[in-house]
2 protein chains.
Amino acid sequence: MTENTRKPKDAKDRAQVTIIDIARMANVSKKTVSRVINKSPLVREETREIVNKIIAETGFTPNPQARALAFRRSFLIGLVYDNPSPQYVVNMQRGILDALDETSFQLVLRPCDRADANYRERVESFVIQHKPYGLILTPSVSEDDELAAMLRDRNCDYVRIASVEIDDASRMVRTHDAQGAELAARHLAELGHTRIAHIHGPNTFRSTHERMAGFRKGLADFGLSLDPKLTLEGAYTFDSGVECATRLLSRPDRPTAVFAGNDEMAVGVYVAARKAGLQIPDDVSIVGFDDTPISSRIWPPMTTVRSPIRDVGRVAALRLIQAEEDEKTQAPGAFALELIVRESTQAL
Amino acid sequence: MTENTRKPKDAKDRAQVTIIDIARMANVSKKTVSRVINKSPLVREETREIVNKIIAETGFTPNPQARALAFRRSFLIGLVYDNPSPQYVVNMQRGILDALDETSFQLVLRPCDRADANYRERVESFVIQHKPYGLILTPSVSEDDELAAMLRDRNCDYVRIASVEIDDASRMVRTHDAQGAELAARHLAELGHTRIAHIHGPNTFRSTHERMAGFRKGLADFGLSLDPKLTLEGAYTFDSGVECATRLLSRPDRPTAVFAGNDEMAVGVYVAARKAGLQIPDDVSIVGFDDTPISSRIWPPMTTVRSPIRDVGRVAALRLIQAEEDEKTQAPGAFALELIVRESTQAL
DNA sequence: CTGAAAGCGCTTACAG
DNA sequence: CTGAAAGCGCTTACAG
């Protein structure tokens with residue numbers, strides 16, 4: 001092996017080990033090394049072992065820039081999001097990073113703004129320029145069929161996270177929002193509430209309708225229904241939660257329970273309740289959605305629907321980076337939600 | 001120009017425009033185009049204009065993978081963080097993305113865990129493999145001199161965000177934590193508080209000592225000092241805030257005000273106060289640090305020290321991507337903090 | 001199952 | 001100020 005030693009290119013002997021070095025040491029062509037790296041089946045098992053051994057010994061890792069150039073595809077996974085809740089984004093990032101850890105894929109952030117008329121073009125430019133390995137789309141951008149069509153057209157792999165099946169199963173990771181909202185409804189009904197308000201998200205979001213439909217279904221099981229006068233459209237933001245709740249709680253027939261479409265708005269309901277001099281849960285029960293950290297930090301701790309966002313992110317990333325064969329042994333493509341009962345709800 | 005038209009490589013005529021196409025159209029060598037792209041001064045102004053015009057017309061953008069391979073340096077900016085507060089991370093990301101928007105730099109996430117014995121090696125592997133254009137280090141990893149030394153050794157550019165000058169000015173973005181904490185102390189002293197508790201961060205963090213020193217100084221201006229019995233070490237986490245505050249608030253000589261080293265812990269103080277049956281701010285005033293979103297969402301809204309994290313992120317990113325000449329006209333390398341007075345503090 | 005040639009789209013080092 | 005050659009470290013397409 002000493003005869004293969006190359007003169008170091010700099011004083012610190014940090015000349016990068018390349019596929020050529022490995023090829024020389026293994027007495028094969030660099031193409032064969034490339035085949036081993038890319039797990040091609042067209043390599044004799046014995047050859048593969050020799051090459052892998054040398055790769056392990058030298059600590060060689062292929063240069064991602066060179067691979068990207070030759071592959072015409074980079075090793076970046078783009079997270080495309082347009083989400084009012086920072087916590088959702090952070091949890092999603094964690095899940096994706098869980099999956100990318102120890103791989104040579106990198107997570108790249110692509111926030112966007114659906115209100116921006118050029119937002120699809122911006123994503124498209126990114127795709128054209130950086131040729132990401134794949135994109136993960138979170139609600140509500142995940143619901144944009146035009147965006148998805150553009151990506152297919154551009155031959156860019158993607159996974160859509162959504163509460164409804166809006167694409168091929170292989171390109172979807174689903175969260176069963178309706179079922180989660182149903183749990184919330186049943187919980188409130190079981191506690192004896194009948195005058196129940198719902199502050200939902202923007203009508204342009206699929207999740208809004210999913211959650212509302214599930215909530216309705218849960219109520220219906222107890223012979224209850226959603227009073228239109230107690231059903232308000234929020235914006236999934238804290239401020240909109242405060243505003244809607246202020247209106248609801250000042251009504252003469254004030255609701256005894258409020259189900260908010262996400263935690264951000266639910267926290268807004270807390271503040272509106274306090275400002276109105278109401279006690280939680282004595283005067284009003286509150287249920288949120290997402291189980292973001294704030295729900296357990298606020299007082300009283302909030303009953304909410306847990307969406308396993310981190311798991312969702314992990315599975316979405318695995319979808320993109322795993323070979324098709326592995327995919328069969330893989331995690332589920334849909335996640336059930338669970339109700340986390342804390343202290344913001346109580347029997348009437 | 002028609003004679004330069006190349007046969008499209010695929011049906012959709014999406015063969016990428018390359019530097020060669022531009023060179024042909026401009027009647028120069030590709031090297032000259034390269035010089036224009038890289039803003040080399042060694043190009044005649046007239047030539048530069050012609051080339052730039054054609055670049056603009058064709059919408060050409062140089063392939064980042066090819067550039068990275070040739071440059072031996074990628075266009076990725078890595079955010080290296082090990083921070084207990086998700087909000088800090090999100091705000092930092094936003095600021096960095098503000099700066100990278102419309103450039104061809106991409107933000108890549110590199111969370112790490114200082115408790116992991118191999119954490120420096122992990123960062124090092126990333127640097128060796130991906131050759132990032134630069135790294136942004138946030139507290140507390142930014143305080144690790146060994147990490148910085150490794151990066152210098154590896155010729156990897158970086159910016160450290162910290163509350164004290166621990167590196168060359170060009171590699172630092174500072175937040176004046178001490179000065180911010182001083183504002184908090186003066187505020188509480190002016191309100192007439194004298195039995196003031198402080199829950200600080202881990203002793204291993206520089207920010208802990210900066211904030212504590214500033215707080216002490218502010219108190220001293222009013223002839224007050226920090227009682228060691230009312231000074232507890234937290235972990236910058238919500239749970240540690242609850243725990244420390246529970247101990248403080250159950251003392252016979254219960255403090256009338258608590259200054260927490262960050263918002264996360266301050267929110268823990270809220271919960272401990274409520275559990276102890278105390279009213280905020282009537283029974284106890286609370287001041288946090290960071291002005292993360294939760295501080296304005298919680299009830300009563302929290303008085304806290306605002307750290308312009310997003311701005312800090314933006315400036316840190318600009319430091320990395322701007323040419324040296326631009327740097328002179330650039331934003332400041334240090335940020336003052338401000339006290340946001342809300343409703344969690346009141347006169348004794 | 002394996003390899004030699006050409007190429008991915010840029011930049012460096014050298015020459016003029 | 002400009003360019004021809006070689007190279008960055010891989011993979012594709014082809015051949016055997």
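A, B, ... follow the sequence lines: proteins, then strands. Residue 1 opens every chain.
F75(A) and Y133(A) have parallel rings, their planes meeting at less than 30° on a 0 to 90° scale where 60° marks the start of perpendicular.
Taking a pair to require two hydrogen-bonding distances under 3.5 Å in either a Watson-Crick or a G-U wobble arrangement, dA4(C) remains unpaired. With a 3.5 Å ceiling on both atom-pair distances, dA13(D) lacks any Watson-Crick or G-U wobble partner.
The distance from atom CD of Q65(A) to atom P of dC10(D) is 10 Å, rounded to the nearest whole Å. With rounding to whole Å, F75(A) atom CZ is found 11 Å from dC10(D) atom P. As rounded to whole Å, 13 Å separates atom P of dA4(D) from atom CZ of R24(B). Atom CG of D21(B) and atom P of dC8(C) are 11 Å apart (whole Å). Between the CZ atom of R35(B) and the P atom of dG9(C) there is a distance of 21 Å, given to the nearest Å. The NZ atom of K39(A) sits 12 Å away from the P atom of dT11(D) (whole-angstrom rounding). Whole-Å rounding puts the L42(A) CG to dT12(D) C1' distance at 14 Å. Here dC10(D) presents its C1' atom at 13 Å from CD1 of I22(A), a figure rounded to the nearest Å.
When each of dC8(C), dT11(C), dT11(D) is scored by its nearest atom to the side-chain atoms of L69(A), the top-ranked nucleotide is dC8(C). If you check dC8(C), dT11(C), dG3(D) against the side chain of A70(A), the one that comes closest is dC8(C).
Taking only side-chain nitrogens and oxygens, T32(B) never comes nearer than 4.0 Å to OP1 or OP2 of dT2(D). Contact between the side-chain N/O atoms of R44(A) and the OP1/OP2 oxygens of dT2(C) is found at a separation under 4.0 Å. Contact check, S29(B) against dA4(D): no side-chain N or O comes under 4.0 Å of OP1 or OP2. When the side-chain nitrogen and oxygen atoms of T47(B) are compared with OP1 and OP2 of dC1(D), none of them lie within a distance under 4.0 Å. Note on N63(A): every side-chain N or O is 4.0 Å or more away from OP1 and OP2 of dC8(D).
Salt bridge D101(A)/R314(A): absent, no basic N to carboxylate O contact under 4.0 Å. Salt bridge R160(A)/D167(A): present, at least one basic N to carboxylate O contact under 4.0 Å. The pair E102(A)-R122(B) counts as a salt bridge, with a side-chain nitrogen and a carboxylate oxygen less than 4.0 angstrom apart.
The CD1 atom of I50(B) lies 9.0 Å from the CG atom of N27(B); values are rounded to the nearest 0.5 Å.
Mapping R72(B) and K31(B) onto DNA chain D by nearest heavy atom places K31(B) at the nucleotide closer to the 5' end. Each of P41(B) and S34(A) has a nearest nucleotide on DNA chain D; the 5'-most of these lies closest to P41(B).
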